[in-house]
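In what follows, a structure is listed as structure tokens, so that the remarks can point back to it.
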Protein chains: 2
Amino acid sequence: MINGFAACLVPVGDSVWGICRSTRHCLLEFIHDRLMTDDSRHPDSGDPNVPVPKAVVSRLSLYLRELSQLIRDGRDTTSSTQLGERLGLTDAQIRKDLAYFGQFGYPGIGYRCDELVTEIRRILGTDRDWPVAIIGLGNLGTALIGHRGFAEQGFRVTAAFETDESKVGMTLGGVPVFHIDQLSEIVKKDGIRLGILAVPAKAAQSVAQRLVEADIEGILNFAPVTLSLPPTVSRVAVDLAIELEQLSFAVVNRLKNS
Amino acid sequence: MINGFAACLVPVGDSVWGICRSTRHCLLEFIHDRLMTDDSRHPDSGDPNVPVPKAVVSRLSLYLRELSQLIRDGRDTTSSTQLGERLGLTDAQIRKDLAYFGQFGYPGIGYRCDELVTEIRRILGTDRDWPVAIIGLGNLGTALIGHRGFAEQGFRVTAAFETDESKVGMTLGGVPVFHIDQLSEIVKKDGIRLGILAVPAKAAQSVAQRLVEADIEGILNFAPVTLSLPPTVSRVAVDLAIELEQLSFAVVNRLKNS
DNA sequence: TAGATTGTTAATCGATTAACAATC
DNA sequence: TAGATTGTTAATCGATTAACAATC
């Protein structure tokens, strides 16, 4: 779409030259991660030193999901207003959220869906494949091995771990089951960085410790306990019973709030 | 522990009588939900008209989980400081959260674990049994039928629903599998108020519609779509791929934030 | 051009924290 | 009593919203 960069330079001041927006998008692919020399940009826009609230990152995933749906529906572009309506958010919030990471839209046009998907994937780190380990093969762990949603976002379960000798050596959904003593070895071999912890509550802390020792960098914890982890290891917790409790509260208090 | 109420009245002003704290706890069981005549209390403390932030309710579940653990460990009482340390929260936040719902502690002592568990269960609505339906018996739905954590918090899966005729009529983990056409009928019969939606994304909205028509009051949605529901139906969404995306982001940005 | 929509600022709103009198 | 800890207020901090110039 762009034939040369020189043609796209536009004057923006006495002796300063800027670039038009459509050129910027192409250039970004060139200079991304290498030349962070765009000193003219607002310090809050895409500045890696501004801490990003967790809630913002969480909504980013929603934007990604909705954009993927829009693309499947054949849409080329969308706007913060349209996205907001579909997600129950204000347009201002969506633009503000994206501004933490850079400028991705076109005034008067909106956002190109495919471009924004690419950008959000890059921000979330899902522009690559993540080999993942599942530890614990009870009901939940076994189900997660074949979870379609993981594969669709680039998370590949390459190994499962158990203490139950009767399961070790099996292959479940194409995934080999190892004894947990082989954790370090397999993690190293497969380049696994993320672990999904689906063991009973009583075992969770000690198994988490073993994940840390195996140099796992992030743990998705399904056990209903607060893990004690070094700050070098990231964690996300999902307690399914708590989710139902939140629903219970919402139902019981529905009349009061509406 | 209390022999009579009269003995526990204490003077607090010219012609006003108050009650001591330990009596208050006993009295609360009497007057709870019936006599809201305690006009002397601060309007924000336990006032049902003050909207409760979602984040507060979410932490309430964490407090409940941690208190249950403390009780299992043999502790009688705890404090906001101790709870905070275990959960990575400030003591002030815990006291503030609880203040939305009432006064549950004893100055100088802390909180009686069993009492606070009872109170939080009542607040969350899990002081009763909830019959629950699971809709969709793929990997995840099937796993959730036997999920121990649900039963422990009083959520009983009494029925499962599928469109796949080969599964209808089966019994999985003691739970009968019905065709989704029987939804209204079984929901009515079992007194089911909550539904766990574990169907493929493409089917989620239309199945949700059927749940609404069956007068389900709350939906725990595992499908990676934003459901369009009437405001009379409560919803909680869990997207497992999104949780891994959050973990991915945390790992990729770990260096920047610490 | 007129209409649409962005990115950004400032104003608003809400949530967290610190501090402390009241209490046991 | 002295020490501990609550419930509550006020101060701080952070997140959301409204508004609008810049842009296509």
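The figures that follow rest on heavy atoms only: side chains count, while hydrogens, waters and symmetry mates do not.
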> How close or far is atom P of D:dT8 from atom CZ of B:Arg95, stated in whole angstroms?
Replying inline: 11 Å
> Are side-chain N/O atoms of A:Thr226 and B:Arg65 paired as donor and acceptor at under 3.5 Å?
Replying inline: yes
>> If I take atom NZ in residue A:Lys96 and atom P in nucleotide C:dG7, what distance separates them, rounded to the nearest angstrom?
In response: 13 Å
>> Taking the minimum atom-to-atom distance to the side chain of B:Ala99, which one of D:dT8, C:dA15, C:dT16 wins?
In response: D:dT8
>> Between B:Thr90 and C:dT17, is there a contact of a side-chain N or O with OP1 or OP2 at under 4.0 Å?
In response: yes
> B:Tyr100 side chain: which of C:dA15, C:dT5, D:dT16 is closest?
Replying inline: C:dA15
>> Counting only side-chain heavy atoms from C-beta out, which of C:dA18, C:dT6, C:dT23 sits nearest to B:Pro107?
In response: C:dT23
>> Please pick, from C:dT5, C:dT17, C:dA15, the nucleotide with the shortest atom-to-atom distance to any side-chain atom of B:Pro53.
In response: C:dA15
> Is the shortest heavy-atom distance from the side chain of B:Leu116 to the side chain of B:Tyr63 under 4.5 Å?
Replying inline: no
>> Side chains of B:Glu119 and B:Tyr111: any donor to acceptor distance under 3.5 Å?
In response: no
> Hey, is the side chain of A:Gln103 poking within less than 4.0 Å of OP1 or OP2 on C:dG7, counting only N and O atoms?
Replying inline: no
> Between atom CG in B:Leu98 and atom P in D:dG7, what is the gap in whole Å?
Replying inline: 7 Å
> Have A:Gln69 and A:Asp73 got a donor and an acceptor in their side chains that come within less than 3.5 Å?
Replying inline: yes
> Separation of B:Tyr106 atom OH from C:dC24 atom P, in whole Å?
Replying inline: 11 Å
> Given atom CZ of A:Phe101 and atom P of C:dG7, what is their separation to the nearest angstrom?
Replying inline: 14 Å
> What nucleic acid atoms does A:Ser80 come within less than 4.0 Å of, heavy atoms only: base, sugar-phosphate, or nothing?
Replying inline: sugar-phosphate
>> Measure CG/B:Asp97 against P/C:dG14 and give the value in whole Å, please.
In response: 17 Å
> Counting side-chain heavy atoms from C-beta on, which of D:dT23, C:dT8, D:dT6 comes nearest to B:Tyr111?
Replying inline: D:dT6
> Has A:Arg59 got a side-chain N or O lying under 4.0 Å from the OP1 or OP2 atom of D:dA15?
Replying inline: no
>> Given a 3.5 Å cut-off on both pairing distances, which stems involving DNA chain C, each at least three consecutive Watson-Crick or G-U pairs, are present, if any?
In response: C:3-24 with D:3-24
> In whole angstroms, how far is the P atom of D:dA22 from the CD1 atom of A:Ile109?
Replying inline: 19 Å
> Between CG of A:Leu62 and CD of A:Glu66, what distance do you get to the nearest 0.5 Å?
Replying inline: 8.0 Å
> Atom CD of A:Gln93 and atom C1' of D:dG14: how far apart are they, to the nearest Å?
Replying inline: 13 Å
> Roughly how far, to the nearest 0.5 Å, is CG of A:Leu240 from CG of B:Leu220?
Replying inline: 7.5 Å
> So, do B:Trp130 and A:Leu247 sit near enough that their side-chain heavy atoms are less than 4.5 Å apart?
Replying inline: no
